[in-house]
Amino acid sequence: MTEYAHGITSGAVARRLGVAPTTLRSWDRRYGIGPAAREDGRHRRWTPADIAVLEEMCRLTASGVPPAEAARTARAGAAPPPPGVRAPAGTAPPPPSPAPAPRAGAGGGLPLGRARQECRGLGRAAVRLDAAAMDEMLGSLIEEYGLVTAWEEVMAPALHAVGRKWETSDDRYVEVEHLLSWHVSSALRRVSTARPALRAGTPPVLLACVPNEQHTLPLEALAAGLAELGLPTRMFGAAVPPEALDQAVRRTGPAAVVLWAQARSTANPPLARHVADTSWGVKGARTRTTVLLAGPGWAGPPPAPGMLRPGGLREAMALLRALCDAADTGLAAAGAGSATAR
């Protein structure tokens, strides 16, 4: 409990619970849901009792209770402040009452398991449909932990938890999944647009979902990660037709092609083999690309030798960086040979 020896800041509470700082200030001003003590009379410091009230407020609002009613219920179930600590102005002492309603899962009822605290906070914000909190949290997570950790330990687990909740709740929480997906996608694209200068002359990496596959967020995370490395990409998105992918490969001469399949039902081994066999260039110096099979739909042996199956975002980025380096080396060697021949 040393973390709470002098209370914790509003910023730390906001990250932990997935509540925007502006929402904390509004709840404190309107409903008295705030820290009972302020350091030096000014700085807000939250004690474990304060946080318990706030967690109950979050749980109730996430379940659809109006904020004013949720605040009354949350305060009524809170323990009185310690001796010598004054309650916030305008807040009546809590009357004796039954214990508050049992709390749902720590992520607002989402099956988050033992996910890190930031994942729980993002889950709570998603269930409350709190767009401002999600945007703020996602930006802070990427800045503080880096894209790969933010994706693998926070974003992806939260998305999977929302998906599982939807599948087991008779189509409830669809709005939660859609809103969370939108904000994750927006955060990933902000990373891509803030990229460093791309490596000149490096063949691009093609990113595509196989036909009938609509899940694009893992590829968007990969596109953002490659942008951070300065590697050029071409992102074709969901359900790319085979003919379009074939033309894209022939026209761009990519260093690699990443094919995403979320489920076995969408994985397309014949398409993967076709892409791997596609060649381009002048006669006598034809070139082929390397195919990476990404996603759980590709479980099992690869459809053909030479195809790669990365185990996650970090491994995929490392493999693609090496392939782009090799492509650069090959282009440099070809250029040197051409100059010598002349």
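All values derive from a computational prediction rather than experimental measurement.
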Quick one, [X] and [Y] - any side-chain contact, counting heavy atoms below 4.5 Å?
X      : Y      : result
Pro35  : Asp28  : yes
Cys58  : Arg128 : yes
Met134 : Met137 : no
Leu245 : Leu271 : yes
Pro204 : Thr233 : no
Cys119 : Pro157 : yes
Pro241 : Pro211 : no
Leu219 : Cys209 : yes

Within the side chain of [X], is there an N or O that forms a donor-acceptor pair under 3.5 Å with the backbone of [Y]?
X      : Y      : answer
Glu152 : Leu313 : yes
Arg75  : Tyr31  : yes
Glu213 : His215 : yes
Ser279 : Thr287 : no
Thr266 : Ala263 : yes
Ser185 : Ser181 : no

Given Glu118, which partner from the list Thr149, Leu138, Leu141 fulfils the side-chain contact (heavy atoms from CB on, under 4.5 Å) test?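 It is Leu141; the other options fail the test.
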Ignoring hydrogens, what is the shortest heavy-atom contact between [X] and [Y]? Give both atom names and the distance.
X      : Y      : value
Ala276 : Met307 : CB-CE, 3.9 Å
Asp50  : Gly34  : OD1-O, 3.8 Å
Val240 : Ala208 : CG2-CB, 3.7 Å
Ala316 : Leu222 : CB-CD1, 4.1 Å
Cys324 : Ala255 : SG-CB, 4.0 Å
Ala74  : Val53  : CB-O, 3.7 Å

How many angstroms lie between atom [atom1] of [X] and atom [atom2] of [Y], to the nearest 0.5 angstrom?
X      : Y      : atom1 : atom2 : answer
Leu320 : Asp325 : CG    : CG    : 11.0 Å
Leu259 : Leu292 : CG    : CG    : 9.0 Å
Leu54  : Leu24  : CG    : CG    : 6.0 Å
Thr289 : Arg250 : OG1   : CZ    : 12.5 Å
Arg309 : Glu315 : CZ    : CD    : 10.0 Å
Leu231 : Met317 : CG    : CE    : 8.5 Å

Steps toward side chain to side chain donor-acceptor pair (under 3.5 Å) verdict (Glu153, Tyr145): CA-CA 10 Å; Glu153 299 189 22; Tyr145 298 111; over 6 Å; no
Val257 vs Leu207, test: side chain to side chain contact (heavy atoms under 4.5 Å, CB included). Steps then yes/no. CA-CA 6 Å; Val257 176; Leu207 308 173; over 6 Å; no
Indicate yes or no: does Asp246 engage Arg251 in a salt bridge with an N to O separation below 4.0 Å.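 Here Asp246 does not pair with Arg251 in a salt bridge, since their nearest N and O are not under 4.0 Å apart.
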Charged N to carboxylate O below 4.0 Å: is that the case for Arg273 and Asp277? no
Are [X] and [Y] in one and the same hydrophobic cluster, where Ile, Leu, Val, Met, Phe, Trp and Tyr link if side-chain heavy atoms are under 4.5 Å apart?
X      : Y      : value
Leu308 : Val210 : no
Met155 : Val162 : yes
Trp298 : Val205 : no
Leu226 : Leu206 : no
Phe236 : Trp260 : no

Any side-chain donor-acceptor pair under 3.5 Å between Ser10 and Trp46? yes
For residues 136-147, which residue pairs qualify under salt bridge (Lys or Arg N to Asp or Glu O under 4.0 Å), counting only residues two or more places apart or in two chains?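 Sorted pair list comes back empty.
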Between Leu180 and Leu159, does a side chain to side chain contact (heavy atoms under 4.5 Å, CB included) hold up when you go through it step by step? CA-CA 7 Å; Leu180 178 59; Leu159 288 163; 3.8 Å; yes
Glu55 and Arg124: side chain to side chain contact (heavy atoms under 4.5 Å, CB included), yes or no, with the steps? CA-CA 10 Å; Glu55 286 181 326; Arg124 291 187 181 100; 4.2 Å; yes
Check against side chain to side chain contact (heavy atoms under 4.5 Å, CB included), Arg190 and Ile142: CA-CA 10 Å; Arg190 283 193 292 270; Ile142 293 171; over 6 Å; no
Enclosure of Trp280 CH2 (heavy-atom neighbours >12, cutoff 6.0 Å):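 Buried by this count: over 12 neighbours within 6.0 Å.
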